[in-house]
Protein chains: 2
Amino acid sequence: MNVGGQVSEFTLVKCPSLELSESLLRFSLRRREFVTVAGNCECRYTGRASSHLGWGERLVLIKGDGSIQVHRPTGYEPVNWQPPQCTLHVHRNGCLLVIEAHRRRPRESLTLHFDRIIFYGSFRPVDRAEFNLYVSEEQMRDALIQDPSILEKGLELVDFERRVEPGFIDFYGRDVDGRLVIVELKRSQAGKEAILQLKRYVDAVLKLTGSNVRGVLAAPRLRSGAQGLLVELGLEFRRLSPRKCAEVLKKSGTRKINEFV
Amino acid sequence: MNVGGQVSEFTLVKCPSLELSESLLRFSLRRREFVTVAGNCECRYTGRASSHLGWGERLVLIKGDGSIQVHRPTGYEPVNWQPPQCTLHVHRNGCLLVIEAHRRRPRESLTLHFDRIIFYGSFRPVDRAEFNLYVSEEQMRDALIQDPSILEKGLELVDFERRVEPGFIDFYGRDVDGRLVIVELKRSQAGKEAILQLKRYVDAVLKLTGSNVRGVLAAPRLRSGAQGLLVELGLEFRRLSPRKCAEVLKKSGTRKINEFV
DNA sequence: GAGTGGATTTCGCAT
DNA sequence: ATGCGAAGTCCACTC
């Protein structure tokens with residue numbers, strides 16, 4: 001267990017016998033640990049296709065969510081695998097240790113036979129961190145200016161960083177029907193704050209122009225639960241992926257991609 | 001080293017200090033070993049996009065080909081990674097161990113900071129086995145009969161398992177130009193034997209009909225070096241993937257997929 | 001080196 | 001559950 005930086009529980013065994021390995025695996029699977037097994041094995045897969053891999057030394061990862069992957073000495077991708085939610089079984093067949101992974105839909109299974117375990121490691125990682133993937137907000141703005149259609153077909157730029165009462169509007173445009181569009185950009189997950197900020201811009205522009213104004217929140221994704229507030233305030237969300245922005249910036253060439261922090 | 005089933009060289013260390021971990025990593029990287037590091041780390045990626053992952057316990061794999069992947073406790077895919085051929089650097093920054101992975105094209109880098117290593121494992125897997133991915137030959141034939149166009153646009157079935165002098169022809173059809181087409185199927189990599197077999201069929205049919213006959217070898221892939229013989233004998237190769245066959249069989253419904261051996 | 005298509009794609013979000 | 005589209009996709013192959 002890991003509390004306040006203390007050392008986690010883990011198990012590490014050199015060259016365990018197949019019997020011991022079986023016991024270790026059963027225990028780890030029941031505890032939903034993160035298991036690494038290095039050993040000499042043979043792999044068979046049957047399902048959407050079939051495959052066979054003869055004997056050789058590989059590293060097998062088994063996670064607490066039921067995913068399993070077999071890694072050969074080279075290559076980024078596992079040679080055999082099974083995604084999360086699959087059911088794992090361990091048993092011994094004569095002088096071999098067998099690990100089976102089954103999935104229902106699609107129906108497929110992966111079977112590993114081991115005749116020798118080089119080492120066995122297991123632990124229960126404590127990992128509550130949030131993962132954030134993004135481009136910079138400035139880059140997103142540049143991409144949107146270069147090609148407003150990435151957000152919506154027919155969208156055209158009117159102005160950017162327009163000063164209004166509450167601050168600067170990221171992108172100020174006109175849609176295919178001639179309506180004003182105010183875009184608020186967020187480089188990562190957009191939440192309540194972004195929605196309220198956008199609402200302030202929309203209200204300000206509405207007061208100034210008196211015309212119909214659309215408020216669009218553009219971000220890689222919307223925080224779950226924020227949809228309600230968005231709809232309530234009459235605003236819209238448009239997904240804008242980092243990849244898409246990078247693509248546009250690369251094409252436009254006005255700013256070298258891969259130079260941002 | 002592994003010769004004839006002997007135990008491979010490997011290194012396994014519980015809770016190594018950051019200094020020791022640095023030395024172990026340098027040694028393993030120089031030796032191009034397969035490394036597994038379990039520890040508490042922070043991950044930053046910059047390149048095609050940017051990402052940040054706060055502190056947490058994860059498992060890092062580093063292979064001899066220079067690929068690296070960071071695995072969280074759940075999910076099939078690594079949260080951060082770098083494909084093969086990237087350059088790896090290890091150093092210490094104050095009380096942290098730093099692993100950096102750089103790639104030139106596209107230009108991107110992954111930086112890991114560790115403040116604690118749970119365990120360190122490395123070995124040099126001996127794995128010379130061949131990996132074969134396939135559907136059964138019968139399934140391939142069924143898929144081709146169901147939809148000959150998966151091999152070539154306009155291809156139509158004339159007969160299958162047609163008896164000729166040397167044996168049974170897998171698929172006997174007519175192409176968009178009205179020419180006879182003889183297809184020899186192989187469920188995995190097709191080699192010299194398959195080519196010669198096909199040639200015998202083509203010759204036999206040529207002798208029987210006297211008309212122009214095309215010989216097509218259909219398999220997931222062609223053994224490297226077999227291309228020469230193929231061209232020499234005036235035959236063709238068409239890639240036929242397991243996935244495509246399974247797709248057709250599933251759609252046709254004549255035979256339940258996932259029931260083959 | 002750039003471009004194209006496939007994958008046991010996986011993954012997430014919509015219906 | 002099912003279907004559709006995106007991905008830091010990766011990877012193999014062609015031009």
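No experiment lies behind these values; they were computed from the predicted model shown. Chain naming here is simple, since letters A, B, ... match the order of the sequence lines and numbering starts at 1 in each.
As judged by a 4.0 angstrom heavy-atom cut-off over every strand, B:S241 is placed among residues touching the sugar-phosphate backbone only. Counting any heavy atom pair closer than 4.0 Å across all strands shown, B:Q82 reaches a base atom. Base contact: B:F131 has a heavy atom under 4.0 Å from a base atom.
Between A:E152 and A:R214, at least one side-chain N (NZ, or NE/NH1/NH2) sits under 4.0 Å from a carboxylate O, which counts as a salt bridge. Using a 4.0 Å cut-off between charged side-chain N and carboxylate O, B:R103 and B:E108 make a salt bridge. The existence of a salt bridge linking B:D127 and A:R72 is confirmed by a sub-4.0 Å separation between a basic side-chain nitrogen and an acidic carboxylate oxygen.
B:I150 has its CD1 atom 16 Å from the C1' atom of C:dG5, to the nearest Å. Straight-line distance from the OH atom of B:Y45 to the C1' atom of D:dA7: 11 Å, rounded to whole Å. Taking atom CG of residue A:D65 and atom C1' of nucleotide C:dT10, one finds them 13 Å apart after rounding to whole Å. The CG-P distance, from A:N132 to D:dG8, rounds to 13 Å in whole Å. Rounded to whole Å, atom C1' of D:dA1 lies 16 Å from atom CZ of A:R104. Atom CZ of B:R48 is separated from atom C1' of D:dC10 by 9 Å (rounded to the nearest Å). A:R239 places its CZ atom 18 Å from the P atom of D:dC4, with the value rounded to the nearest Å. With rounding to whole Å, B:N80 atom CG is found 9 Å from D:dG8 atom C1'.
A distance-only check finds no donor-acceptor pair linking the side chain of B:D177 to the backbone of B:R179 [under 3.5 Å].
Residues meeting the ring-ring contact (aromatic ring centres under 6.0 Å, His included) test with A:Y45, sequence neighbours left out: none.
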Protein-nucleotides 11-15 of chain C N/O pairs under 3.5 Å:
{"from": "C:dC11", "atom 1": "OP1", "to": "B:Y76", "atom 2": "N", "distance (Å)": "3.1"}
{"from": "C:dC11", "atom 1": "OP1", "to": "B:E77", "atom 2": "N", "distance (Å)": "3.4"}

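Annotation: D:dG8 and D:dC4 have their P atoms spaced 22 Å apart (nearest Å). For the P atoms, the distance linking C:dT4 with C:dT8 amounts to 22 Å, nearest Å.
Between B:S51 and A:L133, the shortest heavy-atom contact is CB-CD1, 3.7 Å.
Here the NZ-CG distance, from A:K244 to A:D147, works out to 7.0 Å after rounding to the nearest 0.5 Å.
Closest contact between the side chain of B:R103 and the listed nucleotides C:dG6, D:dC10, D:dA7 involves D:dC10.
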